[in-house]
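This report concerns only the one structure given below.
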Amino acid sequence: MKKFVLWFLLCLCFLFKIQDIHADETMKIVLDSQNQNHIVLSSSTHHIEIINQSTYDIQIKELTISTPITFSYQDYSHQSLDEINTLLKQQTLAPNQSFLITLDDSLDQEETLLIQWDEILVEGQVLEKKTNECVDKLKIDLWKDCDLLETAYSNEKGFYYLKVPSLLLTNQKFTISYNDFQESKQIISLPYSQQTLHQDLLLEPQKYQLIYDDQMNHTICEQYTPNQIISLINQDTFHKTGYHLIGWSDGYQDYALNATITMPRHDVQLHALWQKDTQQKRPSAKKMVKKTKMKQVKTEDETSILMLSLLLLMSLSIFIVLKVLKKK
């Protein structure tokens, strides 16, 4: 009897073990050149492993499932389907590599997962020269002779992805083109390859306008690159009758003459700050006449004193001469 009980317990443990393994099932999805696939997930599916067996890098376009469930991926947990799709679109899957996605909760029933992807012919990052800052929303076209095959835009981190077009390019060269900040068309020729090509695009830094406005219908426009240090122009540039220039204002902040600013990533317009000239008061006509009279009086007094002194001197001289003659 004890043996039967022991065997019964062993069988139960074995069944529970099998159930645990079954409950932690990993569904493997192999991606190739078909660009989409329908996968049936059972209630025991806990992990989804997406494997790239193409010769190209692959970018996941979208995962679709009817049941609202949450996922965990890498360091991100409890992500909605939209959030998982956003994370997957920001990266590519190299050949023979895989993504592992975990279902946070078990499915109540079988569900169909639709996965769509693109094989990537050319990928890269758009950067500004010198600053190495990312450039987003740049339009990049893929051409075969005069035929436009694909168009892509750089994302917020500067990355772009041009998928393998349906038109076969075997043993043929193709080009990618884009317009730089100066609206000048740039063209790069690339050879056909059965592997994803990496091509970064380096753009000359974009220039923005610094506009000086004297508020008298006169302006000066200069162009600078972002983060460039600029010394503002001084009072010798603009002139206004009866006023002198004391500084500049952008509407939020005032700047002294010859102050330095750092050029931002947008146009800047500065308005002149004027100050009225101060004039010295001129003396009135009455005061000028009075001062003239005072000067004249002062001159007559000095003449009278001089004459009196001469008369006294002459009298003294005559007195001395007479006294000498008397003694003789």
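Contact check for Glu156 versus Gln90: side-chain heavy atoms found under the 4.5 Å cut-off. The side-chain heavy atoms of Tyr178 and Ile188, taken from C-beta on, include a pair separated by under 4.5 Å. When side chains are defined from C-beta on, Tyr73 does not count as touching Leu100, because their heavy atoms never get closer than 4.5 Å. Using a 4.5 Å heavy-atom threshold, the side chains of Phe174 and Leu142 count as touching. Side-chain contact between Asp180 and Leu201 is absent, with no heavy atoms from C-beta onward closer than 4.5 Å. Between Leu63 and Ile84, some side-chain heavy-atom pair lies under the 4.5 Å cut-off. No side-chain heavy atom of Val268 sits less than 4.5 Å from a side-chain heavy atom of Ile211. With contacts defined as side-chain heavy-atom distances shorter than 4.5 Å, the pair Val126/Leu203 qualifies.
Following chains of ILVMFWY side-chain contacts shorter than 4.5 Å, one cannot reach Ile58 starting from Val30, and the two form parts of different hydrophobic clusters. Put simply, Ile101 and Ile65 are part of the same group of oily side chains (I, L, V, M, F, W, Y) that touch within less than 4.5 Å, one to the next. The cluster map of Ile, Leu, Val, Met, Phe, Trp and Tyr, joined by side-chain heavy atoms under 4.5 Å apart, puts Leu127 and Phe181 in different clusters. Under the 4.5 Å side-chain heavy-atom criterion for Ile, Leu, Val, Met, Phe, Trp and Tyr, Tyr255 and Tyr208 are members of the same hydrophobic cluster. Under the 4.5 Å side-chain contact rule for hydrophobic residues, Ile246 and Ile220 do not share a cluster.
Here Gln269 contributes atom CD and His266 contributes atom NE2; the two are 12.5 Å apart, rounded to the nearest 0.5 Å. With rounding to the nearest 0.5 angstrom, the CG atom of Asn179 is 10.5 Å from the CD1 atom of Ile140. Taking OH from Tyr212 and CG from Leu245, the interatomic distance works out to 11.0 Å, rounded to the nearest 0.5 Å. In this structure, Leu107 CG and Ser42 OG are separated by 7.5 Å, a value rounded to the nearest 0.5 Å. Once rounded to the nearest 0.5 Å, the distance linking OH of Tyr224 with OG1 of Thr262 reads 12.5 Å. Rounded to the nearest 0.5 angstrom, Gln186 CD and Ser177 OG are separated by 10.0 Å.
Under the 3.5 Å distance criterion, with hydrogens and angles disregarded, a donor-acceptor pair is assigned to the side chains of Glu25 and Ser44. A donor atom on one side chain and an acceptor atom on the other are found under 3.5 Å apart for Glu49 and Ser98. A donor-acceptor contact under 3.5 angstrom links the side chains of Gln275 and His244, judged on distance only. Under the 3.5 Å distance criterion, with hydrogens and angles disregarded, no donor-acceptor pair is assigned to the side chains of Asn258 and Ser231. Judged by distance alone, the side chains of Asp254 and Ser249 do bring a donor and an acceptor atom under 3.5 Å apart. Side chains of His38 and Thr112: a donor-acceptor N/O pair is absent below 3.5 angstrom, by distance only.
The backbone N or O of Leu149 lies less than 3.5 Å from no partner atom in the side chain of Asp147, so there is not a single donor-acceptor pair. At distances below 3.5 Å, not a single donor-acceptor pair connects side-chain atoms of Thr67 with backbone N or O atoms of Ile69. Using a distance-only test at 3.5 Å, with no hydrogens or angles considered, a donor-acceptor pair links the side chain of Asp214 to the main chain of Met216. Checked by atom type and distance alone, the side chain of Asp136 never pairs as donor or acceptor with a backbone atom of Asn155 at under 3.5 Å. Here the side chain of Asn52 pairs a donor or acceptor atom with the backbone of Leu93 at under 3.5 angstrom. Between the Gln59 side chain and the Lys89 main chain, a donor and an acceptor come within less than 3.5 Å of each other. Between the side chain of Asp267 and the main chain of Gln209, a donor-acceptor pair closer than 3.5 Å is present. Not a single donor-acceptor pair under 3.5 Å links the side chain of Glu133 to the backbone N or O of Thr131. At distances below 3.5 Å, not a single donor-acceptor pair connects side-chain atoms of Gln53 with backbone N or O atoms of Asp32. With Gln91 contributing its side chain and Leu88 its backbone, the two residues share no donor-acceptor pair below 3.5 Å.
Lys240 NZ: more than 12 foreign heavy atoms inside a 6.0 Å radius. A 6.0 Å sphere centred on CG of Asn132 holds more than 12 heavy atoms belonging to other residues, nucleotides or ligands. Residue-environment remark: NE2 (His218) stays at or below the threshold of 12 foreign heavy atoms within 6.0 Å. Atom CD of Gln74 sits in a crowded spot, with more than 12 heavy atoms from other residues, nucleotides or ligands closer than 6.0 Å.
Scanning both residues, Ile48 and Leu41, for their nearest heavy atoms gives CD1-CD1, 4.0 Å. The two residues Leu121 and Pro165 have their closest heavy-atom pair at CD2-CD, 4.1 Å. Counting all heavy atoms, side chain and backbone alike, Cys134 lies closest to Gly158 at CB-N, 4.0 Å. Considering every non-hydrogen atom in both Leu232 and Ala256, the closest pair reads CD1-O, 4.3 Å. Listed here is the closest heavy atom pair of Met27 and Val40: CE-O, 3.3 Å. Counting all heavy atoms, side chain and backbone alike, Ala272 lies closest to Gln215 at O-NE2, 2.8 Å.
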Yes or no on side-chain hydrogen bond (donor to acceptor under 3.5 Å, both in side chains) for Thr86 and Glu83, after CA distance, side-chain angles and deciding distance?
CA-CA 5 Å; Thr86 300; Glu83 291 172 328; over 6 Å; no
Trace of the side chain to side chain contact (heavy atoms under 4.5 Å, CB included) decision for Leu210 with Leu270:
CA-CA 8 Å; Leu210 176 60; Leu270 298 176; 3.9 Å; yes
Would you check, one step at a time, whether the test side chain to side chain contact (heavy atoms under 4.5 Å, CB included) holds for Trp274 with Lys276?
CA-CA 7 Å; Trp274 297 100; Lys276 196 169 184 179; over 6 Å; no
With side chain to side chain contact (heavy atoms under 4.5 Å, CB included) as the test, would you mind laying out the steps for Phe71 and Leu81 before giving the verdict?
CA-CA 7 Å; Phe71 303 85; Leu81 187 62; 3.7 Å; yes
Pair Ile60-Ile115, side chain to side chain contact (heavy atoms under 4.5 Å, CB included): steps then yes or no
CA-CA 8 Å; Ile60 305 297; Ile115 179 170; 4.1 Å; yes
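Counting only residues at least two apart or on different chains, the salt bridge (Lys or Arg N to Asp or Glu O under 4.0 Å) pairs with a member in residues 111-129 are Glu128-Arg265, Lys129-Glu204. Listed by first and then second residue, the ring pair (Phe, Tyr, Trp, His ring centres under 6.0 Å) pairs that reach into residues 116-165 come to none, sequence neighbours excluded.
For Lys139, the salt bridge (Lys or Arg N to Asp or Glu O under 4.0 Å) partners two or more places apart in sequence, or in a different chain, are Asp141.
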